[in-house]
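Heads up: the structure comes next, in structure tokens.
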Amino acid sequence: MDAGKLYDVIGIGIGPSNLGLAALLDPLEEIDGLFFEQNTSFEWHPGMLIDKSVLNSSFLSDLVTFADPTNPYSFLNYLHKHNRMYQFFFYQKFNIPRKEYNSYAKWVASQLGDCKFGRQVTNVEDGTGDWYDVTVFNIETGENHSYRARHVVIGTGSTPMIPEDIKDEMNEDICHTSSYLYNEKNIKRGSHVSVIGSGQSAAEVFYDLLQDQKHYGYKLSWLTRSPQFFQTEDAKVGREIFSPDFVDYFQSLSFDSRTSALPYLDQARKQIEPGVLENIYNELYHRSIERKDPDVLLQPMTELRGIRSLSGGNYELTMHQWQKNMSYSHITSKVIVATGYKPNVPKWLKKYKDKIYWEDENTMVVGKDYEFLFKKERPNHLFTLTNLDQSHGTGATNLALSVYRNQRIINKIAGYERYAIQEDTIFQQFMPDEK
């Protein structure tokens with residue numbers, strides 16, 4: 001790591017996206033990269049690594065395979081190196097456990113010397129030439145260092161989204177799903193545990209609580225403002241929207257069309273995997289055989305409006321059943337909010353506000369190769385791997401398509417197609433052939 005060197009690219013944040021980028025750059029002698037992460041080691045959603053929870057993507061959507069199946073950092077090579085190939089073969093599932101994905105990613109990170117942990121990027125400025133000056137704070141030594149790079153890739157991920165009306169109430173009894181495992185023991189000691197929200201994280205937390213309910217004896221509620229407990233689109237043709245072909249089509253639409261299309265994509269992007277819902281139903285069914293009250297409540301069409309602390313360690317939740325337009329009080333002792341995430345946009349990016357094109361007052365224009373579009377064209381690019389919903393739709397957060405993102409970024413940096421972009425990859429088309 002040379003502070004005086006001009007690197008081809010510096011990545012900010014080391015989550016799956018930038019880790020995959022580093023893995024694809026590793027065999028390329030023509031591109032020098034450097035990656036910084038403020039955490040001291042790689043951890044992927046550590047608060048949600050619940051036992052037996054699985055990825056909602058195939059093992060093929062690892063860090064490298066869709067770009068180069070021969071890359072040594074593939075998941076299959078991880079299995080081979082850890083003498084787990086036969087076990088995985090007999091496991092006979094495409095979806096791998098979340099804990100195993102985390103172990104796989106840590107294994108990759110440990111081998112990439114260009115990935116530096118315990119380093120926080122505090123500033124990025126235009127250099128005196130066609131490069132960026134990147135200021136990095138070393139958390140261990142307390143020192144700042146400056147590095148230069150022709151291109152910068154922002155991979156700062158997301159942060160928990162807490163509704164404003166309950167933000168001040170968050171404590172050890174009221175937590176976001178992202179910190180569930182850190183608070184698990186305290187939560188399970190409660191007399192009544194309530195999960196608020198919908199989506200995969202809410203379902204996984206609820207199922208974990210449901211399985212342990214017999215050991216702890218708490219009441220259990222799952223409340224969501226969603227019209228029902230939707231499962232994700234699982235039809236094979238329907239899943240084709242997670243393809244480079246669809247991302248290219250989506251980006252060709254106008255900003256208004258892209259924005260209005262996002263809710264329709266949520267059925268595939270943000271709903272619950274069928275297997276989790278099936279497990280929940282099966283658990284409840286087996287309990288029903290003896291006709292005992294399971295002390296479980298599942299209620300859709302109900303949103304959280306406020307939280308008030310009561311004496312005795314309980315909380316009063318103001319709930320609103322929006323279809324009946326009826327508000328009521330829900331008394332509970334522990335609350336897990338599954339309210340999703342928001343992009344973690346670096347503060348230093350504000351200095352580029354007037355230099356970059358905007359789609360509206362809140363949304364920057366992002367090009368096909370995931371670069372911000374500057375009003376004055378420049379050869380040194382700022383790429384982003386976060387806040388891509390409006391620009392790239394299903395390509396915003398999907399693990400398989402993160403490899404596609406990295407292919408396009410590498411090709412843009414290299415100036416030629418270093419990793420071939422596959423086209424015509426699906427059976428359907430999204431617009432008629434031109435005549």
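Values in this document were obtained by computation on a predicted structure and should not be read as measured data. We use all heavy atoms of the structure for the numbers below, so side chains are in, but hydrogens, waters and symmetry mates are not.
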Evaluation steps, salt bridge (Lys or Arg N to Asp or Glu O under 4.0 Å), between Glu204 and Arg98:
CA-CA 11 Å; Glu204 288 177 354; Arg98 287 177 178 269; 3.2 Å; yes
What's the spacing between [X] [atom1] and [Y] [atom2] if we round to 0.5 Å?
{"X": "Asn171", "Y": "Cys175", "atom1": "CG", "atom2": "SG", "value": "9.0 Å"}
{"X": "Leu401", "Y": "Ser243", "atom1": "CG", "atom2": "OG", "value": "7.0 Å"}
{"X": "Glu37", "Y": "Ile12", "atom1": "CD", "atom2": "CD1", "value": "11.0 Å"}
{"X": "Met319", "Y": "Leu223", "atom1": "CE", "atom2": "CG", "value": "4.5 Å"}

Considering residues at least two apart in sequence or located in another chain, which fulfil the side chain to side chain donor-acceptor pair (under 3.5 Å) criterion with [X]?
{"X": "Asp126", "answer": "Tyr352, Lys355, Arg378"}
{"X": "Ser178", "answer": "His176"}
{"X": "Thr302", "answer": "Gln299"}

Salt bridge (Lys or Arg N to Asp or Glu O under 4.0 Å) partners of [range], not counting sequence neighbours, each pair once:
{"range": "residues 333-348", "result": "Asp173-Lys334"}
{"range": "residues 251-267", "result": "Arg258-Glu359, Asp266-Arg269"}
{"range": "residues 49-58", "result": "Asp51-Lys99"}

For [X], which residues count as a ring-ring contact (aromatic ring centres under 6.0 Å, His included) partner, sequence neighbours excluded?
{"X": "Phe430", "value": "Phe246, Tyr249"}
{"X": "Tyr78", "value": "Phe75, His82, Tyr104, Trp107"}
{"X": "Trp358", "value": "none"}
{"X": "His392", "value": "Tyr370"}

Please check if the side chain of Asn325 supplies one atom and the backbone of Gln321 the other of a donor-acceptor pair under 3.5 Å.
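Side chain of Asn325 to backbone of Gln321: no pair is present.
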With heavy-atom distances below 4.5 Å as the criterion, would you say the side chains of Gln111 and Tyr73 are in contact?
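Yes; the side chains approach each other to less than 4.5 Å.
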Give the C-alpha distance, both sets of side-chain angles, the deciding distance and a yes or no for side chain to side chain donor-acceptor pair (under 3.5 Å) between Asp133 and Tyr147.
CA-CA 6 Å; Asp133 289 319; Tyr147 300 88; over 6 Å; no
Indicate every side-chain donor-acceptor pair of residues 189-198 with a distance under 3.5 Å to a residue at least two apart or in another chain.
from   : atom 1 : to     : atom 2 : distance (Å)
His192 : ND1    : Ile331 : O      : 3.1
His192 : NE2    : Ser221 : OG     : 2.8
Ser194 : OG     : His330 : NE2    : 2.9
Ser194 : OG     : Thr332 : OG1    : 2.9

Go through the steps to decide whether Ser58 and Ser61 satisfy the test side chain to side chain donor-acceptor pair (under 3.5 Å), and finish with yes or no.
CA-CA 6 Å; Ser58 163; Ser61 57; 5.4 Å; no
Would you say the ring centers of Phe59 and Phe88 fall short of 6.0 Å from each other?
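So the answer is yes for these two rings.
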Gln407: partners by side-chain contact (heavy atoms from CB on, under 4.5 Å), with sequence neighbours left out
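With sequence neighbours excluded, Gln407 shows a side-chain contact (heavy atoms from CB on, under 4.5 Å) to Ala67, Val403, Tyr404, Tyr419, Ile421, given in chain and number order.
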